[in-house]
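Whatever order the structure lists ligands and atoms in, that order sets their numbers, starting from 1. Basis for what follows: all heavy atoms, side chains included, without hydrogens, waters or symmetry-related copies.
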Amino acid sequence: MFSLINKSVVITGGGSGIGRAISLLFAKQGAAVNILELNEAAAQDTVAEIRLQGGIAHAYACNVTNQDAVKTVFASIGRVDILINNAGIAHVGNLEKTSEEDFDRIFSVNVKGAYNCLYTAVPMMKEVKGGVILNMASVASSVGIADRFAYSMSKGAILTMTLSIAKDYLNHNIRCNCISPARVHTPFVDGFLAKNYPNNIEEMFEKLSASQPIGRMAKPEEIAFLALYLCSDEAGFVTGCDYPIDGGFIRLNN
Ligand SMILES: NC(=O)c1ccc[n+]([C@@H]2O[C@H](COP(=O)([O-])OP(=O)(O)OC[C@H]3O[C@@H](n4cnc5c(N)ncnc54)[C@H](O)[C@@H]3O)[C@@H](O)[C@H]2O)c1
């Protein structure tokens with residue numbers, strides 16, 4: 001079950017956190033993992049760990065906001081059976097604390113980056129008569145979260161992008177779903193705590209943990225297991241869906 005032998009996977013942001021955990025698990029299941037990363041050293045680190053375990057992986061330095069760079073990398077990979085749009089960045093602030101620069105930065109990575117990879121990968125998938133796409137959304141896609149104006153909008157776009165792709169490419173044997181995690185303990189969380197709450201990191205960490213009714217953050221590996229199911233042949237009937245993985249955040253927070 002859940003074998004990915006002979007599958008070529010492209011994952012963005014595989015050098016850290018959730019993307020790293022997905023890369024390691026997919027390689028373990030037999031996939032050839034291609035990591036597109038802004039941080040090449042981090043991608044190389046994931047690749048080294050995969051190879052150490054006998055897996056197949058390649059790192060590509062790539063800023064997903066740049067369509068030409070994305071096209072060049074996909075051309076050298078050659079075949080894409082599974083695309084995981086995972087790279088994303090955070091921003092804390094309500095409308096009035098979101099500058100035009102903040103807005104453009106968040107949208108260019110979180111929305112345009114995913115679009116660039118889809119724009120390049122979908123024709124390649126059509127050519128081989130099928131494929132699977134998984135987009136990393138967030139509970140912020142469907143729940144109002146304080147002080148996450150630009151981030152929430154960008155993740156809302158990921159959710160509707162998922163539905164649009166799933167609908168338009170049904171007849172091309174391309175499935176497309178998204179995952180909506182609540183808080184996952186990754187460098188992404190540590191980074192924004194350090195940046196936004198430098199004087200009370202521990203207190204904020206506890207607060208963020210408690211905001212999941214289950215009482216903790218997710219581990220990146222727990223997100224990777226859901227990703228594996230959704231990208232496997234066993235999930236052949238699953239398309240056009242958003243999967244919360246949230247410790248009860250959406251439905252039990254009352
Ligand atoms: N951690 C959470 O609590 C959480 C919750 C819900 C959703 N998410 C989403 O999951 C995804 C992964 O989050 P994470 O916590 O693992 O983040 P992370 O910061 O640990 O890793 C993200 C990776 O993406 C790479 N990246 C950033 N911009 C890039 C670009 N322009 N081109 C290529 N690579 C780029 C970074 O270098 C980094 O290695 C993001 O889309 C995030 O919004 C995270």
Does ligand 1 have any atom sitting under 4.0 Å from a heavy atom of H185?
no
F149 vs K97, side-chain contact (heavy atoms from CB on, under 4.5 Å): CA-CA, chis, key distance, verdict:
CA-CA 9 Å; F149 176 69; K97 289 190 187 124; over 6 Å; no
Side chain, backbone, both or neither: which part of C62 comes within less than 4.0 Å of ligand 1 when only heavy atoms are counted?
backbone
At a 4.0 Å threshold, what atoms of ligand 1 neighbour a non-hydrogen atom of G88?
40 (C), 41 (O)
Is K155 close to ligand 1, meaning an N/O of one under 3.5 Å from an N/O of the other?
yes
Would you say the side-chain atoms of N135 pair up with the backbone N or O of C178, donor to acceptor, closer than 3.5 Å?
no
Please identify which atoms of ligand 1 are closer than 4.0 Å to at least one heavy atom of A87.
24 (O), 26 (N), 34 (N), 35 (C), 41 (O)
Show the numbers, then the answer: is there a side-chain contact (heavy atoms from CB on, under 4.5 Å) between V92 and R148?
CA-CA 5 Å; V92 175; R148 298 290 185 279; 3.6 Å; yes
If the cut-off is 4.0 Å to any non-hydrogen atom of R183, which atoms of ligand 1 fall inside it?
3 (O)
Number the atoms of ligand 1 from 1 as they appear, then name those within less than 4.0 Å of a heavy atom of N63, with their elements.
30 (C), 31 (N), 32 (N)
What's the shortest distance from atom 42 (C) of ligand 1 to any protein heavy atom, and which residue and atom give it?
Y151 OH, 3.6 Å
Kindly confirm or rule out an N or O of V64 lying under 3.5 angstrom from an N or O of ligand 1.
yes
What protein heavy atom sits nearest atom 3 (O) of ligand 1, and how far off is it?
V184 N, 2.7 Å
hydrophobic_cluster_shared for V70 and I77, side chain cutoff 4.5 Å
yes
Would you confirm whether Q53, through its side chain, and K28, through its main-chain N or O, come within 3.5 Å as a donor-acceptor pair?
no
Candidates L226, I84, I22, L83 - the one meeting side-chain contact (heavy atoms from CB on, under 4.5 Å) with C231
I84
Any nitrogen or oxygen of L38, main chain or side chain, under 3.5 Å from a nitrogen or oxygen of ligand 1?
yes
Under a 4.0 Å N-O cut-off, is there an ion pair linking D45 with R20?
yes
Derivation of the side-chain contact (heavy atoms from CB on, under 4.5 Å) call for V64 and N116
CA-CA 7 Å; V64 294; N116 281 340; 5.7 Å; no
Numbered atoms of ligand 1 (with element) below 4.0 Å of G17, judged on heavy atoms:
16 (O), 20 (O)
re atom 6 (C) of ligand 1, the protein heavy-atom contact at minimum distance is P181 O, 3.4 Å
Among non-hydrogen protein atoms, atom 15 (O) of ligand 1 lies closest to T186 OG1, 2.5 Å
Where's the contact between M217 and ligand 1, heavy-atom distance under 4.0 Å: side chain, backbone, both or neither?
neither
Hey, does V189 sit under 4.0 Å from ligand 1 if you only count heavy atoms?
yes
Just list the side-chain donor-acceptor pairs under 3.5 Å for residues 196-209, sequence neighbours left out, or say none.
residue: N196; atom: ND2; partner: F192; partner atom: O; Å: 2.9
residue: S209; atom: OG; partner: F205; partner atom: O; Å: 2.9

Any idea which protein heavy atom is nearest atom 11 (C) of ligand 1, and the distance to it?
N86 O, 3.0 Å
Under the criterion side-chain contact (heavy atoms from CB on, under 4.5 Å), which of N110, D104, V109 is the partner of I106?
N110
Linking I/L/V/M/F/W/Y whenever any side-chain heavy atoms sit under 4.5 Å apart, do L134 and I174 land together?
no
Which bit of A182 gets closer than 4.0 Å to ligand 1, counting heavy atoms only: side chain, backbone, both or neither?
backbone
Ring pair (Phe, Tyr, Trp, His ring centres under 6.0 Å) contacts in which one or both residues fall within residues 216-254, not counting sequence neighbours
none
Any Lys/Arg nitrogen of D233 or K7 sitting under 4.0 Å from an Asp/Glu carboxylate oxygen of the other?
yes
Considering heavy atoms of the protein only, find what lies nearest to atom 27 (C) of ligand 1 and give residue, atom and distance to 0.1 Å.
I89 CG2, 4.0 Å
Where does A137 meet ligand 1, judged by heavy-atom distances below 4.0 Å: at the side chain, the backbone, both, or neither?
backbone
Just how far is it from atom SG of C62 to atom CG of N34, taken to the nearest 0.5 Å?
11.5 Å
Look at atom CD of E127 and say whether more than 12 heavy atoms of other residues, nucleotides or ligands are closer to it than 6.0 Å.
no
Quick one: nearest non-hydrogen protein atom to atom 39 (O) of ligand 1, plus distance?
E37 OE2, 2.4 Å
Atom 44 (C) of ligand 1: which protein heavy atom is closest, and how many Å away?
I18 CD1, 3.8 Å
Which atoms of ligand 1 have any heavy atom of G13 under 4.0 Å away?
23 (C), 24 (O), 25 (C)
Could you tell me whether ligand 1 has any atom less than 4.0 Å away from a heavy atom of P187?
yes
Below 4.0 angstrom from a heavy atom of M136, which ligand 1 atoms are there? Numbered from 1 as shown, please.
9 (C), 10 (O), 11 (C)
